[in-house]
Number of protein chains: 2
Amino acid sequence: MEGSSLRPGQGAARAANGARRRPPAGRRAEVREANETAILAAAEAVFAEYGFHGATTAMIAERAGLPKANLHYYFGTKEALYKAVLENILALWLAPVRNFTDESDPAQALADYIALKIEYTRTRPQASRIFASELIAGAPQILDYLSHELRQVVEEKSRVVRRWIADGKIGPVEPVHLFVTIWAMTQTYADFAVQIAAIQGKEALDDGDFEAAKRFITAMVLKGIGVKGAG
Amino acid sequence: MEGSSLRPGQGAARAANGARRRPPAGRRAEVREANETAILAAAEAVFAEYGFHGATTAMIAERAGLPKANLHYYFGTKEALYKAVLENILALWLAPVRNFTDESDPAQALADYIALKIEYTRTRPQASRIFASELIAGAPQILDYLSHELRQVVEEKSRVVRRWIADGKIGPVEPVHLFVTIWAMTQTYADFAVQIAAIQGKEALDDGDFEAAKRFITAMVLKGIGVKGAG
DNA sequence: GCGAACCTTGACCAACTGGTCAAGTTTTGT
DNA sequence: ACAAAACTTGACCAGTTGGTCAAGGTTCGC
């Protein structure tokens, strides 16, 4: 019963990696990719707005412009679709930390990192919110990822920070808390944007808010952890 | 049809304010208070773990040790119960900002505020998560509160900060961003605790983590915004 | 050209959920 | 003591939702 020739299920898991531009691809593959992309985009929007439980596959399908049965053909279950969305988000989330290397200058590296994080927050607030909801719920889907891949990356980057400290380039701080608070400060402008807007009497944040946030956070962090030759 | 003598509905809205210890109170009132408290506590736990949509009134009732119908008798609808829980949380959330006055010394006031926020985060992580979820969802239930009560408080406290700046007690910073980032940094230790634990190879955060967080945040903020006579 | 694989979709369904209700029990005021 | 008000609760229900399915269309490999 499982060995049938049908091919539903995990389809778009592949769309998560960088394997874009395959060979010309027949019409079939083209349509498949277009549909998967449409569904993933719709799912991101709906999951961000209503949360996993609040979202319905009917909403997502409608937003993607496809029948609900079609969505289930591509992704199987709501949960599988949610996982596919999360995978894309995790890749996005982790990208900025890459240019955080031994050689880099603390002031520059931190400023760049904060700038990238704020940019992520500004351009992909929905992604940020889905990630946040997942964490608040206890990370049922990504706990494994957090305690392995992410943990490893953090440890690696922590070593960079400790080197900076040893070299007297910054004051003595616990690297993990530095990372955690940078994530928190930047992401708050996506996740809790309504609150920040509301207390300013605005309906939504604008580019100026993000620019000011970036400046404020950068200045406070650089000065706060004693980066030499900053602020 | 509405003028019946029954008395279901908004019951516990009152439990939110500080009107504890009423006169001896008959058995009736006693039971009512006990039940409302049990339901609110159960609701807080369940809403925090599953979110508004993921939570069911049956779960909450079971956790409270009461039949579901009884829960609906006291609070009417799931949404009304949720609002009651939120009201309690808002009061908790806002309390720490109170001792933020003109006369206070910046270093002391900020350190105290951060300490209280971290304490809230440590002792009431569920409350923090519910509040966070509500904001991520766009604050459908509390937008009004945010743009009036909270906004007013923030403006009032912003004046205090601007006074400090004018008096040369701290560097020039935008008060709103200062508050927002303090909220973000402290709350992240409740809302995203799984993540912080995971990257450290732990199952959960312990008191030491909160202590370290408090120290780190306090040090970075005080130094970062140039509080005279600090770090 | 043709059969097999793949895709599309309206109709359908079982499970769950918030909420109701009526019948009964307990407490309260007088 | 007794009636009115308040509380309790098992049974019930209508609406919603994730997911299935069968029948029909389209594309692909050869």
Side-chain angles (χ1 to χ4, degrees), chain A residues 1-12 14 22-39 42-43 46-47 50-84, chain B residues 1-12 14 22-39 42-43 46-47 50-84:
Chain A
M1 274 166 184
E2 272 296 87
S4 111
S5 54
L6 292 185
R7 185 202 168 196
Q10 46 46 278
R14 210 174 311 119
R22 281 172 259 170
R27 171 152 323 172
R28 206 119 230 187
E30 241 171 51
V31 171
R32 171 169 269 267
E33 174 143 348
N35 283 348
E36 284 176 350
T37 303
I39 294 170
V46 175
F47 281 134
Y50 300 96
F52 176 76
H53 291 286
T56 70
T57 54
M59 279 172 165
I60 297 171
E62 193 193 341
R63 186 160 188 142
L66 293 169
K68 189 181 65 157
N70 205 346
L71 177 153
H72 278 98
Y73 174 76
Y74 277 108
F75 287 90
T77 67
K78 181 186 180 184
E79 186 175 324
L81 172 56
Y82 177 68
K83 279 186 189 171
Chain B
M1 275 164 185
E2 273 294 86
S4 115
S5 53
L6 293 183
R7 185 203 167 193
Q10 47 44 277
R14 207 171 317 117
R22 282 171 257 168
R27 173 151 319 172
R28 208 116 229 188
E30 242 171 51
V31 171
R32 169 167 272 266
E33 175 144 347
N35 284 347
E36 284 176 349
T37 303
I39 294 171
V46 175
F47 282 135
Y50 300 96
F52 177 76
H53 292 285
T56 69
T57 53
M59 280 171 165
I60 298 171
E62 194 195 340
R63 185 158 189 142
L66 293 170
K68 190 181 64 157
N70 205 345
L71 177 153
H72 278 98
Y73 173 76
Y74 276 108
F75 287 91
T77 68
K78 180 185 179 185
E79 187 175 322
L81 171 56
Y82 177 68
K83 279 187 189 171

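Numbers restart at 1 for each chain; the letters A, B, ... are given by sequence-line order, proteins then strands.
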- Query: Between CZ of B/F52 and CD of B/E79, what distance do you get to the nearest 0.5 Å?
  - Reply: 5.5 Å
- Message: How long is the straight-line distance from CZ of A/F47 back to CG of A/L81, given to the nearest 0.5 Å?
- Response: 5.0 Å
- A/K78 (side chain) and D/dG19 (base): donor-acceptor pair under 3.5 Å: no
Starting at atom [atom1] of [X], determine the distance to atom [atom2] of [N], rounded to an integer number of angstrom.
{"X": "B/F75", "N": "C/dT20", "atom1": "CZ", "atom2": "C1'", "answer": "19 Å"}
{"X": "B/L81", "N": "C/dG18", "atom1": "CG", "atom2": "P", "answer": "11 Å"}
{"X": "B/L66", "N": "C/dG19", "atom1": "CG", "atom2": "P", "answer": "17 Å"}
{"X": "A/I39", "N": "C/dT9", "atom1": "CD1", "atom2": "P", "answer": "11 Å"}
{"X": "A/K83", "N": "D/dG18", "atom1": "NZ", "atom2": "C1'", "answer": "16 Å"}
{"X": "A/K68", "N": "D/dG19", "atom1": "NZ", "atom2": "P", "answer": "9 Å"}
{"X": "B/L71", "N": "C/dT20", "atom1": "CG", "atom2": "P", "answer": "12 Å"}

- Task: Any chance you could list the contact pattern along nucleotides 21-30 of chain D? Use B for base contacts, S for sugar-phosphate-only contacts and - for none, protein heavy atoms under 4.0 Å, 5' to 3'.
- Result: B---BBBS--
- Query: So, for A/K78 and A/H53, which heavy atoms are closest and what is the spacing to 0.1 Å?
  - Reply: NZ-O, 3.7 Å
Using distance only, find each side-chain donor-acceptor pair of residues 58-71 of chain A under 3.5 Å and give its atom names and separation, not counting sequence neighbours.
none

Check every atom of [options] against the side chain of [X] and return the nucleotide holding the closest atom.
{"X": "A/H72", "options": "D/dT8, C/dG18, D/dT20", "result": "D/dT20"}
{"X": "B/N70", "options": "D/dG18, D/dT8, C/dT8", "result": "D/dT8"}
{"X": "A/V31", "options": "D/dG18, C/dT20, C/dT8", "result": "C/dT8"}
{"X": "A/T77", "options": "C/dG10, D/dT8, D/dG19", "result": "D/dG19"}

- Query: Are side-chain heavy atoms of A/Y74 and A/R32 found at a separation under 4.5 Å?
  - Reply: yes
- Task: Report yes if the side chains of B/K83 and B/F75 come closer than 4.5 Å at any heavy-atom pair, otherwise no.
- Result: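 Sidechains of B/F75 and B/K83: no contact.
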- Message: Tell me which residues in residues 53-60 of chain B lie within less than 4.0 Å of DNA chain D, going by non-hydrogen atoms.
- Response: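 Close to the strand, none.
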- Item | Distance test, side-chain N/O of A/Y73 to OP1/OP2 of C/dC7, below 4.0 Å | yes
